[in-house]
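First up is the structure itself, then whatever we jot down about it.
Computed from heavy atoms alone, side chains included, the values below leave out hydrogens, waters and symmetry copies.
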Amino acid sequence: MKLPGQLVFGLDIGTRSIVGTVGYRVGEKFHVVAQCIREHGTRAMLDGQIHDIYKVGETISEVRSELEERLGRTLKDVCIAAAGRVLRTVTVRVDMERDSDREVNGEDIYALDSTGVEKAYEVFLKDNVSDMKFYCVGYSVVRYYMNGYTMGNLEGHRAKTIGADLIATFLPEDVVDGLYKAVDLAGLDVVNLTLEPIAAIQVAIPEMYRMLNIALVDVGAGTSDISITKDGSIVAYGMIPVAGDSLTEVIARHCLVDFATAEQIKRDTGSREQIEYKDIMGLSQTISRDEIAEVTADMIADMTGQVSDKIKELNGGRSVSAVFVVGGGGTLPGYTEALAGKLGIQKERVAVRGGEVMQNIEFLEADARRDSLMVTPIGICLSFYEQSNNFIFVYFNEQRIKIYDNNKVAVVDAAMQAEFDSDGLFPKRGKELNYTVNGRPRITRGAFGESAVITVNGNEADIYTPIHANDQIKVTESTAGEAAQVDINQLPEFGTVMRVEVNDTPVDLPRFASVNGELQSGYYSIQDGDAIEILSYYTVRQVAEFMDVIINQEMNIYVNNRLADMDTKVYENFSVVWTMEELQLSDRDKYENELQDTFAELPEDDGTYQKNSTRSEMQAAENTQDPVRADSTDHDGASRGEGTKAAAETKETDSLTAEDKEGGSAADGGGSGAQESDGLSMYVSVNGAQIRLAGKTSYVFVDVFEHIDFDLSKPQGSGIVTRLNGRDAQYMEEIHSGDMIEIYWKKS
């Protein structure tokens with residue numbers, strides 16, 4: 001037989017029978033070249049799911065062989081449709097930003113659809129709480145968008161952004177696997193998989209009717225598949241696991257016949273008033289069409305009630321305007337009337353659709369069947385032209401796996417489908433080290449291992465290499481690298497030195513490290529969980545040992561010009577002096593310079609400090625009636641003003657005799673601002689305590705350090721805070737009697 005166009009072979013693998021259809025499309029017309037129908041010899045399928053794969057495979061082989069004999073050519077590729085008891089749907093919105101405002105072509109639309117299917121699958125996986133694995137078996141676009149506006153067809157338009165509302169349908173893995181296995185046993189390759197209601201609507205509800213709110217019900221033997229149209233699009237799909245077989249079982253029990261005889265009685269009801277049959281006792285019996293209607297009435301009421309509920313659920317809780325019924329199960333008398341009653345619409349608006357919806361279908365065989373049973377088989381063929389929704393089989397490490405083909409399938413997709421550990425695809429790091437340095441957490445990561453070795457059909461590949469049907473993929477798992485290893489001397493903090501001045505000579509000291517409280521050398525290998533402290537000081541003893549100097553007991557030791565001992569801590573930029581002579585500390589300039597150098601190395605105050613005492617505490621201490629404080633207040637009245645005045649008077653009295661000065665000292669009695677034989681005597685408040693300054697004619701802020709216990713050699717914070725009368729103070733700033741002074745370490 002010489003035929004134009006590409007032949008499409010479609011199989012409707014139903015619960016009761018298998019229908020094979022071969023045809024081709026020219027323009028808007030589809031030409032059916034050949035048909036073949038075979039019923040299952042046993043109940044190899046129930047509720048749309050294959051129970052006996054081998055028997056179903058044998059029946060498919062019979063259909064294929066008969067069609068090949070009629071056509072005179074071999075059939076290899078086939079389109080199929082799926083139904084099932086557990087149908088799930090997901091509706092998603094997907095948008096794609098394009099690099100420019102350019103024309104939309106077919107490839108762009110396909111990419112948009114594929115992205116929508118992938119997004120729907122991701123949404124489905126998040127909501128799937130069952131242990132079953134599901135596959136996407138079909139999808140339909142509700143509407144397209146162009147730059148945010150709805151559009152019937154995107155192709156040919158110029159758009160910066162395209163989008164779509166899309167419905168994707170999912171069935172359990174065992175349903176899909178059963179179909180593929182049975183087809184494979186018949187020597188056929190699946191080139192397209194769709195859903196039965198998607199296929200049926202291709203024929204039963206032409207696009208010009210989809211503006212209306214219509215339901216299509218495909219009543220098969222095991223399932224009743226439902227789809228809804230509105231506003232020009234298919235907006236919902238559903239299924240209930242009750243259909244024609246339920247009616248057949250009722251007839252079998254009533255007539256006392258086997259299932260096959262009951263099925264024949266059900267079919268004859270549509271064309272005969274009286275049906276003759278033999279029961280299991282071999283007795284001839286007769287039953288009328290009216291009696292069959294009476295026997296099946298309760299089951300029809302139950303079926304149509306479930307269908308009506310599902311239609312309303314899919315249609316937002318409302319009934320539809322009309323219902324088209326296809327499939328053999330819906331032809332039983334009383335079905336359409338009962339469904340109309342359940343939906344609350346006129347009975348004329350629920351009708352079986354067959355040949356009248358096949359205006360664009362041309363049958364080339366004279367005895368071709370044109371009734372409602374052929375709507376879905378022809379729709380399966382037409383689905384081949386509408387979308388490529390296919391699964392392919394590949395071999396991953398010799399394991400045969402099925403994967404959804406979106407024309408962008410790569411090695412990584414096959415690995416995921418095979419549940420191959422993703423860590424095995426990428427180089428793995430060795431064990432990491434977690435430890436702390438100076439109290440701060442730190443991680444040293446292990447080395448990378450070798451990448452996975454991947455081949456596709458024996459050729460070197462990577463995880464992004466595209467794959468196709470029957471490809472052989474082999475993956476040797478990646479390896480882990482060496483565990484992390486780091487020595488103390490590799491830490492950046494350890495590599496620095498600490499410079500101090502010893503007897504006016506700069507000395508660079510290597511830093512020590514304490515690990516978990518014990519001193520360790522730079523060659524110590526850090527272990528997981530170690531607490532490492534890079535010490536910021538030496539003791540005088542350690543400095544001497546480093547310099548190979550022996551300090552005897554007769555020597556005087558000074559750190560920053562203060563008397564010290566062998567255990568005194570020496571920090572960076574500190575000065576150390578050991579000498580047989582006592583250090584002359586009366587050299588005020590040298591002392592102030594040393595102190596200024598110490599302060600210069602400390603961070604400036606940023607306001608985040610911990611005070612030793614609050615302002616209110618200092619004020620309370622100032623008012624305490626101890627003898628010294630009371631004496632100061634009695635002499636002062638407004639102590640700061642009079643003390644300042646007394647200091648000024650002392651500076652201006654150049655003609656005072658030594659005896660006058662001695663007299664002033666004797667009369668002082670601890671009073672503020674009094675003169676002594678060696679200079680001015682006055683009181684200031686330091687951290688809430690009264691301090692007496694004496695022996696100088698004037699005082700600057702730094703003088704206070706000579707009269708308080710503030711050990712600069714033992715830092716207790718990140719810097720020193722100095723305050724004078726509530727504001728920041730300068731070290732060489734002049735101070736006066738009664739001033740309020742605060743000195744404390746700033747906390748980190």
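- The two residues A182 and V56 come nearest to each other via the heavy atoms CB-CG1, 3.9 Å.
- Of all heavy-atom pairs spanning V475 and N397, the tightest one is N-OD1, 2.8 Å.
- Taking 4.0 Å as the cut-off between side-chain N and carboxylate O, E313 and K310 count as a salt-bridged pair.
- The shortest heavy-atom contact between V320 and N315 is CG1-ND2, 3.6 Å.
- The closest side-chain heavy-atom distance from M303 to Y335 is below 4.5 Å.
- The six-membered or imidazole ring of F420 lies near that of F396, with a centre-to-centre distance under 6.0 Å.
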(Q) Is there a side-chain hydrogen bond (donor to acceptor under 3.5 Å, both in side chains) between D302 and Q306? Walk through the geometry before answering. (A) CA-CA 6 Å; D302 180 64; Q306 292 188 50; 3.1 Å; yes

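- Judged by the 6.0 Å and 45° rule, R349 forms no cation-pi pair with F324.
- Ion pairing between a basic and an acidic side chain is recognised when a charged N comes within 4.0 Å of a carboxylate O; D108 and R98 show such pairing.
- The shortest side-chain heavy-atom distance between L185 and Y54 falls under the 4.5 Å cut-off.
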Q.
Quick one, T161 with Y145, criterion side-chain hydrogen bond (donor to acceptor under 3.5 Å, both in side chains). Give me CA distance, side-chain angles, the key distance, then yes/no.
A. CA-CA 8 Å; T161 303; Y145 297 92; over 6 Å; no

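- Using a 3.5 Å distance cut-off with no hydrogens or angles, the side chains of N457 and Y395 do not pair a donor with an acceptor.
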Q: Just do the side-chain contact (heavy atoms from CB on, under 4.5 Å) check on I378 and I361 with the steps written out, would you?
A: CA-CA 9 Å; I378 294 173; I361 310 299; 3.8 Å; yes

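- By the neighbour-count criterion of 12 heavy atoms within 6.0 Å, atom CD of E69 is sparsely surrounded, having that number or fewer from other residues, nucleotides or ligands.
- Minimum interatomic distance between V352 and G330 (heavy atoms only, all atoms of both residues): CG2-O, 3.6 Å.
- Side-chain atoms of T74 and R64, non-hydrogen and from C-beta on, do get closer than 4.5 Å to each other.
- Among residues two or more places apart in sequence or in another chain, the side-chain contact (heavy atoms from CB on, under 4.5 Å) test is passed with M151 by M146, L154, H157.
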**Q.** Evaluation steps, side-chain contact (heavy atoms from CB on, under 4.5 Å), between Q472 and V456
**A.** CA-CA 6 Å; Q472 294 279 349; V456 175; over 6 Å; no

Q: Take D113 and Y144 through the test side-chain hydrogen bond (donor to acceptor under 3.5 Å, both in side chains) and record every step on the way to the result.
A: CA-CA 10 Å; D113 291 354; Y144 284 114; 3.1 Å; yes

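- Salt bridge R210/D231: absent, no basic N to carboxylate O contact under 4.0 Å.
- Residues M96 and L112 come closest through the heavy atom pair SD-CA, 3.4 Å.
- Using a 4.5 Å cut-off on side-chain heavy atoms (C-beta onward), I13 and V183 make contact.
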Q: Decide yes or no on salt bridge (Lys or Arg N to Asp or Glu O under 4.0 Å) for D165 and R143, but give the supporting numbers first.
A: CA-CA 5 Å; D165 289 331; R143 62 184 62 84; 3.1 Å; yes

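- With sequence neighbours excluded, the residues satisfying side chain to side chain donor-acceptor pair (under 3.5 Å) with D177 are K402.
- With sequence neighbours excluded, the residues satisfying side-chain contact (heavy atoms from CB on, under 4.5 Å) with E365 are A34, Q35, R70, D367, A368.
- For the 3.5 Å distance criterion, the side chains of T194 and Y139 fail to qualify, holding no donor opposite an acceptor.
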Q. Under the salt bridge (Lys or Arg N to Asp or Glu O under 4.0 Å) criterion, do R158 and E103 qualify, and how do the steps go?
A. CA-CA 4 Å; R158 301 182 69 87; E103 187 174 304; 5.1 Å; no

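- Heavy-atom neighbours of K119 NZ from other residues, nucleotides or ligands within 6.0 Å: above the threshold of 12.
- Under the ring pair (Phe, Tyr, Trp, His ring centres under 6.0 Å) criterion, F134 pairs with F124, not counting sequence neighbours.
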Q: Evaluate the side-chain hydrogen bond (donor to acceptor under 3.5 Å, both in side chains) criterion for residues T248 and D245: first the C-alpha distance (whole Å), next the side-chain angles of each, then the deciding distance (0.1 Å), finally the verdict.
A: CA-CA 5 Å; T248 303; D245 278 359; 4.5 Å; no

Q: Take K266 and D268 through the test salt bridge (Lys or Arg N to Asp or Glu O under 4.0 Å) and record every step on the way to the result.
A: CA-CA 6 Å; K266 183 181 71 174; D268 290 344; over 6 Å; no

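- Within 6.0 Å of CD on E348 lie more than 12 heavy atoms contributed by other residues, nucleotides or ligands.
- Open room surrounds NZ on K181; 12 or fewer heavy atoms of other groups in view lie less than 6.0 Å from it.
- Side-chain contact between L343 and K312 is present, with heavy atoms from C-beta onward closer than 4.5 Å.
- With sequence neighbours excluded, no residue satisfies ring pair (Phe, Tyr, Trp, His ring centres under 6.0 Å) with F363.
- Summarising the local packing, NZ of K29 is surrounded by more than 12 heavy atoms from other residues, nucleotides or ligands at distances under 6.0 Å.
- Evaluation of the ring pair (Phe, Tyr, Trp, His ring centres under 6.0 Å) rule for H40 yields no partner, not counting sequence neighbours.
- For the pairing with I201, the side chain to side chain contact (heavy atoms under 4.5 Å, CB included) check across D218, I228, L195, L216 returns one residue only, L216.
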